[in-house]
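Notes follow the structure.
Remember, predicted model here, so these are calculated numbers, not experimental data. If you read the sequence from its start, that first residue is 1, and numbering goes on from there.
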Amino acid sequence: RFGDVCQRPVESSKRQWDSPREVYTVTGLPVDSLPLMTRAAQIPDRVAVLTDTGKHTYGDLLELSGQVACALLDGCSDLHQARVGFAVPPGFAHVAIQWGIWRAGGIAVPLAAMHPPAEWAYTLRDADAALAIGSEVFCERLKPVADQLGMPCRVSDSLFDFPHAARLPNVAECRRAMILYTSGTTGQPKGVVITHRMIKAQIETLVDAWGWTADDGILHCLPLHHIH
């Protein structure tokens with residue numbers, strides 16, 4: 001059962017930066033939660049993602065990602081950096097699932113939409129993923145891969161119906177956030193571990209380099225786990 005990973009922290013979660021501090025605001029976010037989440041909570045009515053399905057605010061994103069986080073936790077307190085692979089088309093649901101993995105204390109492992117099942121299997125096995133998530137369009141191909149690897153596979157829409165509880169784990173910036181895989185041009189793809197602090201630094205660098213403001217929108221044509 002995927003919930004078993006919540007019962008035993010991985011080795012790195014025993015280090016000082018992962019020791020929990022149970023201090024929460026009335027919104028359910030920890031006082032020293034990830035800056036990304038606390039900032040989003042300050043601007044709930046601003047548009048976060050604009051797709052062909054419409055406009056989605058930061059409030060929408062916090063609500064849906066909170067439901068995803070609670071569904072993944074399923075009564076546990078923290079995923080303790082368990083790796084979660086997910087194959088979801090670009091769009092609001094993709095972002096909500098990635099945020100939900102982070103808010104549950106997990107490490108997001110994006111599975112490229114254009115990759116064949118064999119590549120997904122390699123990525124999930126190499127990352128030692130505990131769970132695979134797939135949208136309806138991808139689950140038909142992803143579930144046999146997960147079954148072969150002996151891991152659960154959940155349809156992404158099933159994560160959106162879970163009640164959003166108030167208490168989520170305190171996720172420090174030093175924790176690992178993602179594992180991104182290289183193209184594998186000269187050999188097998190290699191997993192690159194990226195922490196929340198590294199993502200924050202990348203974003204701040206781009207904001208400074210491009211002179212972005214709060215009123216700007218970004219047309220993102222690359223896979224959503226790629227940097228702009």
Would you mind reporting whether L64 and W99 have side-chain heavy atoms less than 4.5 Å apart? no
Side-chain contact, heavy-atom cut-off 4.5 Å: F86 with V109? no
Looking only at heavy atoms, what is the nearest atom pair of P152 and A146, with distance? O-CB, 4.3 Å
So, for S135 and P89, which heavy atoms are closest and what is the spacing to 0.1 Å? OG-CD, 3.2 Å
A130 to A82 - nearest heavy-atom pair and separation: CB-CB, 4.3 Å
Calculate, to the nearest 0.5 Å, the distance between atoms CG and CZ belonging to L72 and R103 respectively. 11.5 Å
Atom pair CZ/CZ of R197 and R175 - distance to nearest 0.5 Å: 13.0 Å
In terms of the angle between their ring planes, are H56 and F92 parallel, tilted or perpendicular, with boundaries placed at 30° and 60°? parallel
For S77 and P169, which heavy atoms make the closest approach, and how far apart are they? O-CB, 3.3 Å
What's the separation between atom OG1 in T57 and atom CG in L50, rounded to the nearest 0.5 Å? 12.0 Å
L111 and L142, any side-chain heavy atoms less than 4.5 Å apart: yes
Treat each ILVMFWY residue as a node, draw an edge where side-chain heavy atoms are under 4.5 Å apart, and state whether I218 and L206 are in one component. yes
Flag yes if F160 and V88 sit in one hydrophobic cluster, no otherwise; membership is Ile, Leu, Val, Met, Phe, Trp, Tyr, and two members link when side-chain heavy atoms are under 4.5 Å apart. yes
Rounded at 0.5 Å granularity, tell me how far CD in Q98 sits from NE2 in H94. 6.0 Å
Output yes when a side-chain donor or acceptor of K190 lies under 3.5 Å from a complementary backbone atom of Q188, and no otherwise. yes
Is any side-chain heavy atom of K200 closer than 4.5 Å to one of L36? no
Side chains of L168 and L73: does their closest heavy-atom pair fall under 4.5 Å? yes
Can you get from V49 to Y58 by hopping between Ile, Leu, Val, Met, Phe, Trp and Tyr side chains that sit under 4.5 Å apart? yes
Is it the case that one hydrophobic cluster holds both F138 and Y181, taking links as side-chain heavy atoms less than 4.5 Å apart, direct or via other members? no
Going only through I, L, V, M, F, W and Y residues with side-chain contacts under 4.5 Å, is there a path from V95 to I179? no
Euclidean distance, I194 CD1 relative to I199 CD1, rounded to 0.5 Å: 6.0 Å
Hey, is CD on E140 packed in by over 12 heavy atoms from elsewhere, all under 6.0 Å? no
If you look at every heavy atom in G85 and A129, which pair is closest and at what distance? N-CB, 4.3 Å
What is the distance from atom CD of E173 to atom CG of L34, rounded to the nearest 0.5 Å? 6.5 Å
State, yes or no, whether a side-chain contact exists between W102 and V171 at a heavy-atom distance under 4.5 Å. no
I need the minimum non-hydrogen distance between R141 and V145, along with the two atoms involved. O-CG2, 3.6 Å
Side chains of D216 and W210, heavy atoms from C-beta outward: is any pair under 4.5 Å? no
